[in-house]
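Right, one structure below, let's go through it.
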Amino acid sequence: MHKQTELAQIGNRKDHETGAVNFPVYHSTAYQHPGLGRSTGYDYTRTANPTRSVLEDAIARLEEGEAGFACSSGMAAIQTVMGLFSQGDHLIVSLDLYGGTYRLFEKVLTRYGLSFTYVDLRDLDAVREAATHRTRGIFIESPTNPLMRVTDLAAVCRLAREHDWLSIIDNTFMTPYFQRPLQLGADVVIHSATKYLGGHNDVLAGLIVTATKKLSEQVADLHNALGATLGPQDAWLLMRGLKTLALRMEKHQENALALCRFLENHPGVEKVFYPSLFPREREVQERQATGSGGMLSFRVKDEEMVETFLSSLQVIAFAESLGGVESLITYPVTQTHADIPEEIRNRVGVCPRLLRMSVGIEHADDLIADLAWALDRSQVTGSMN
Ligand SMILES: *Cc1c(COP(=O)(O)O)cnc(C)c1O
């Protein structure tokens, strides 16, 4: 079936007793045993919950993987997957990485004896050079956050397989609607479902999908052992959001393209970052995904413009997060990327003139008018200073 159909049908035909079209929320944490040594499949909600199971089956199917796991946040999903590694293991990681992932790796997991090297994964030679005899995994975001660099996932996953590294892809920006990394050779996909999958800025959640039975068993053990599992109410809310993912992603993308065209022609903007704007990124992206999504970044001409620009916006909200129906804009230097050292930020190109936008599903004309007004005002005040 097509993704649109799978998405709209999530939870339907699952509650055989009542025929409920919208799958119910099972709040019960305990489940009665039918007899000694017997189980309905549900014993205790941390291990498995009927509402969460419907969501987990849905994401496994959407990502075309073996099993799905729902966690209490995207970070909880990443932490759970990192439980596959042991003291002394080394991982190669995308250079411009989500700041929270960087913080987990450097501030927490290094204390448990893991080590990380940050590499521009577009350069396979740099990946080979970063490898040590202790390398066990590679953690990839594509397109990256916030500069929309595209990694050739099939090539990197092939390299990982040759070296027996576990390949983990954070597919938050693309969603399985546009990109399915397991089909390109990845071992594990993780999501911050707080973003596009939930889609309405009203639920914090993370998802994991594994490619093989062995990995599914290992992650199931970790999911239960660590206990950062998703509550049934949030699982239900996430399924409610997922049903419209296809429609939303198409609109996010259509609006993002319209905004790129506007921003590229505005004298206050120096450069726009969006996967299909660069020939190399575009070529790789077209090979491995069916779209470029709804995230874009841009550099304004002058750092002085930023403050007035942000305070002049009337539709687009200056707020951290992404992937919801409402357009949001962030300032990576002081927000999402504040925990990344300045030296790395500079190498990556996260500078004080960079703004990152999560394009919502509003009418593109209203978003363009809002940007135009704020850019024009900021250019006037910028030049007065
Ligand atoms: C938000 C985000 C995360 C973390 O997810 P939470 O749900 O906030 O814990 C991880 N990766 C990416 C790319 C994100 O945007």
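Residue numbers start at 1 and run along the sequence shown. For ligands, and for the atoms within them, numbers begin at 1 and follow the listed sequence.
The pair Glu254-Lys251 meets the salt-bridge criterion, since a charged nitrogen lies less than 4.0 angstrom from a carboxylate oxygen. Ion pairing between Glu6 and Lys3 holds under the 4.0 Å rule for side-chain N and carboxylate O.
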Evaluate the criterion side-chain hydrogen bond (donor to acceptor under 3.5 Å, both in side chains) for residue pair Ser53 and Tyr42; output intermediate values, then yes/no.
-> CA-CA 10 Å; Ser53 294; Tyr42 298 97; 3.0 Å; yes

Stepwise ring pair (Phe, Tyr, Trp, His ring centres under 6.0 Å) test for His252 and Tyr196 | CA-CA 10 Å; His252 285 299; Tyr196 287 109; 5.1 Å; yes

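Closer than 4.0 angstrom to ligand 1 lie heavy atoms from Ser73, Gly74, Met75, Tyr98, Asp170, Thr172, Ser192, Thr194, Lys195, Leu204, Ala205, Leu322.
Residues Tyr118 and Tyr102 bring their aromatic ring centres within 6.0 Å.
The environment of Phe318 atom CZ is dense: over 12 non-hydrogen atoms of other residues, nucleotides or ligands sit within 6.0 angstrom.
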